[in-house]
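Reviewing the structure listed below.
This is a predicted model, so every value here is computed, not measured. Along the sequence shown, residues are numbered consecutively beginning with 1.
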Amino acid sequence: MPRSRTSRMLDRIHRIPGKTLDVATYHAVRRAETERLTGPIWKLERSQYFHEPDDDPSWQAFVADDWPRVHAVFESERADARAEVESYARQGSELRRLRIVERPVSRYLLWEMQWFKILAEEGTAIRVLDAGDIETLERDGVLPEVVVDEHALYHVRYDEEWRPCGARRIDDPDVMRQATTELAELWELAEPFSRYFTREIMTLLPSAP
């Protein structure tokens with residue numbers, strides 16, 4: 001796969017001024033803005049581990065190393081995944097998730113990829129890009145966790161244990177436009193999730209034959 005061109009914006013997001021929002025405020029603002037979307041949402045996920053909410057049943061199963069339970073919980077949430085896609089479509093919007101994956105694949109990503117499989121099957125647009133293909137972009141460190149749509153760009157923030165702690169809201173139109181352009185370029189380089197999952201992930205799952 002060809003490697004991406006040198007980034008002009010994404011690797012500088014952490015140096016661009018923004019308004020800091022705590023977790024509750026970030027979620028409230030995002031909910032309100034999502035209801036008014038008419039275009040796509042781009043989501044870049046770079047970290048190989050996040051600490052999910054402790055009361056999440058699928059996370060509890062993962063922590064307990066109960067992989068059949070992980071699968072069962074995700075399957076039970078399939079209807080919610082479908083409803084989200086349909087809700088975006090009614091607005092003329094779409095969520096586009098770009099997942100960066102390092103090798104060897106982390107245990108966390110093996111868990112997350114099972115949820116992504118459900119999402120992709122229900123219509124969420126997901127693509128995967130090998131971390132080796134973005135080496136030239138990460139001059140100042142790994143790329144940030146980013147969500148950007150027509151309203152604003154959010155540099156999503158995490159604490160030292162990778163628990164979410166809010167975001168920085170950047171609404172500079174030039175920053176938003178350049179970041180979206182670069183995400184679209186990475187998207188074109190990336191591989192559709194279903195193909196990647198079948199080739200790279202399926203045989204790595206603890207429940208695989």
Return the orientation label for the Y108 and Y49 ring planes: parallel under 30°, perpendicular over 60°, tilted otherwise.
perpendicular

Gap separating the CG atom of L109 from the CZ atom of F50, nearest 0.5 angstrom
8.5 Å

Taking the six-membered ring where the residue is Trp, are the ring centres of F197 and F116 under 6.0 Å apart?
no

Do L119 and I126 have side chains that get closer than 4.5 Å, going by heavy atoms?
yes

With heavy-atom distances below 4.5 Å as the criterion, would you say the side chains of E75 and R78 are in contact?
yes

Under 4.5 Å between any side-chain heavy atoms of T180 and W42, yes or no?
yes

Which pair of non-hydrogen atoms, one from M176 and one from A152, has the smallest distance, and what is that distance?
CE-N, 3.5 Å

Any donor-acceptor pair under 3.5 Å from S93 side chain to L37 backbone:
no

I16 and H155: side-chain contact (heavy atoms from CB on, under 4.5 Å), yes or no, with the steps?
CA-CA 10 Å; I16 296 173; H155 175 196; over 6 Å; no

Hey, are R99 and E112 close enough for a salt bridge, meaning a charged N less than 4.0 Å from a carboxylate O?
yes

Salt bridge flag under 4.0 Å for residues E33 and R169
yes

For S58, is there any backbone N or O sitting under 3.5 Å from a side-chain donor or acceptor partner on W111?
yes

Judged by atom type as modelled, is there a donor-acceptor pair below 3.5 Å linking the side chain of R69 to the main-chain atoms of A61?
no

Please check if the side chain of Q114 supplies one atom and the backbone of V70 the other of a donor-acceptor pair under 3.5 Å.
no

Criterion side-chain contact (heavy atoms from CB on, under 4.5 Å) on Y154 and V29, from CA distance to verdict:
CA-CA 11 Å; Y154 291 92; V29 171; 3.2 Å; yes

State, to 0.1 Å, how close G123 and V85 come at their nearest heavy-atom pair, and which atoms those are.
C-CG2, 3.8 Å

Quick one: do R157 and E145 make a salt bridge, cutoff under 4.0 Å?
no

Are V142 and L44 linked, directly or through intermediate hydrophobic residues, by side-chain heavy-atom contacts shorter than 4.5 Å (ILVMFWY only)?
no

Is any side-chain heavy atom of R163 closer than 4.5 Å to one of E52?
no

Between the NE2 atom in H51 and the CG atom in D56, the distance rounded to the nearest 0.5 Å is 11.0 Å

Return the minimal non-hydrogen interatomic distance between L10 and A179, and the atom names on each side.
CD2-CB, 4.1 Å

Is it true that E35 and R31 make a salt bridge, defined as a side-chain N closer than 4.0 Å to a carboxylate O?
no

Kindly say whether V73 contributes a backbone atom to a donor-acceptor pair with the side chain of S76 at under 3.5 angstrom?
yes

Test: E102 and R46 ion pair at under 4.0 Å:
yes

One should read off an interatomic distance between E182 CD and R177 CZ, to the nearest 0.5 angstrom, of 12.0 Å

Show, in sequence, the C-alpha distance, side-chain angles and deciding distance for Y196 and D130, and conclude whether the side-chain contact (heavy atoms from CB on, under 4.5 Å) test is met.
CA-CA 10 Å; Y196 177 86; D130 189 281; 5.9 Å; no

Decide if atom NE2 of H71 counts as having more than 12 heavy atoms of other residues, nucleotides or ligands within a radius under 6.0 Å.
no

Of all the heavy-atom pairs spanning V23 and G166, show the shortest one and how long it is.
CG2-N, 3.3 Å

Identify the two heavy atoms, one from L98 and one from L129, that lie closest to each other, and give their separation to 0.1 Å.
CD1-CB, 4.3 Å

Answer yes or no: is there a donor N or O on one side and an acceptor on the other, between the side chain of R168 and the main chain of I13, under 3.5 Å?
yes

SB check R199 E191 (cutoff 4.0 Å)
yes

Kindly say whether L143 contributes a backbone atom to a donor-acceptor pair with the side chain of E138 at under 3.5 angstrom?
yes

Backbone N or O of L21 within a donor-acceptor pair of the T25 side chain at under 3.5 Å?
no

For K43, the side chain to side chain donor-acceptor pair (under 3.5 Å) test, sequence neighbours excluded, returns none

Show your working on salt bridge (Lys or Arg N to Asp or Glu O under 4.0 Å) between K117 and E121 and close with a plain yes or no.
CA-CA 6 Å; K117 182 175 183 291; E121 289 172 349; 2.6 Å; yes

Assess whether side-chain contact (heavy atoms from CB on, under 4.5 Å) is satisfied between Y158 and S47, documenting all intermediate values.
CA-CA 10 Å; Y158 297 85; S47 177; over 6 Å; no

Just how far is it from atom CZ of R97 to atom CD of E45, taken to the nearest 0.5 Å?
4.0 Å

Is the shortest distance from a Lys or Arg side-chain nitrogen in R107 or D65 to a carboxylate oxygen in the other one below 4.0 Å?
yes

State whether the side chain of S87 and the backbone N or O of A83 hold a donor-acceptor pair below 3.5 Å, judged by distance alone.
no

Going by atom types only, do T38 and E150 share a side-chain donor-acceptor pair under 3.5 Å?
yes

Within the 4.5 Å heavy-atom criterion, are M113 and M202 side-chain neighbours or not?
no

Looking only at heavy atoms, what is the nearest atom pair of Q60 and D54, with distance?
NE2-O, 3.1 Å

So that I can tick it off, tell me whether R96 and D149 are bridged by a salt bridge, with the cut-off set at under 4.0 angstrom between side-chain N and carboxylate O.
no

Rounded distance [0.5 Å steps], CG in L137 versus CE in M9:
13.5 Å

Are side-chain heavy atoms of F193 and T198 found at a separation under 4.5 Å?
no

For the ring-ring contact (aromatic ring centres under 6.0 Å, His included) test, which of W115, F62, W67, W59 pairs with F74?
W115

Spacing of L186 atom CG and I134 atom CD1 [to the nearest 0.5 Å]:
7.0 Å

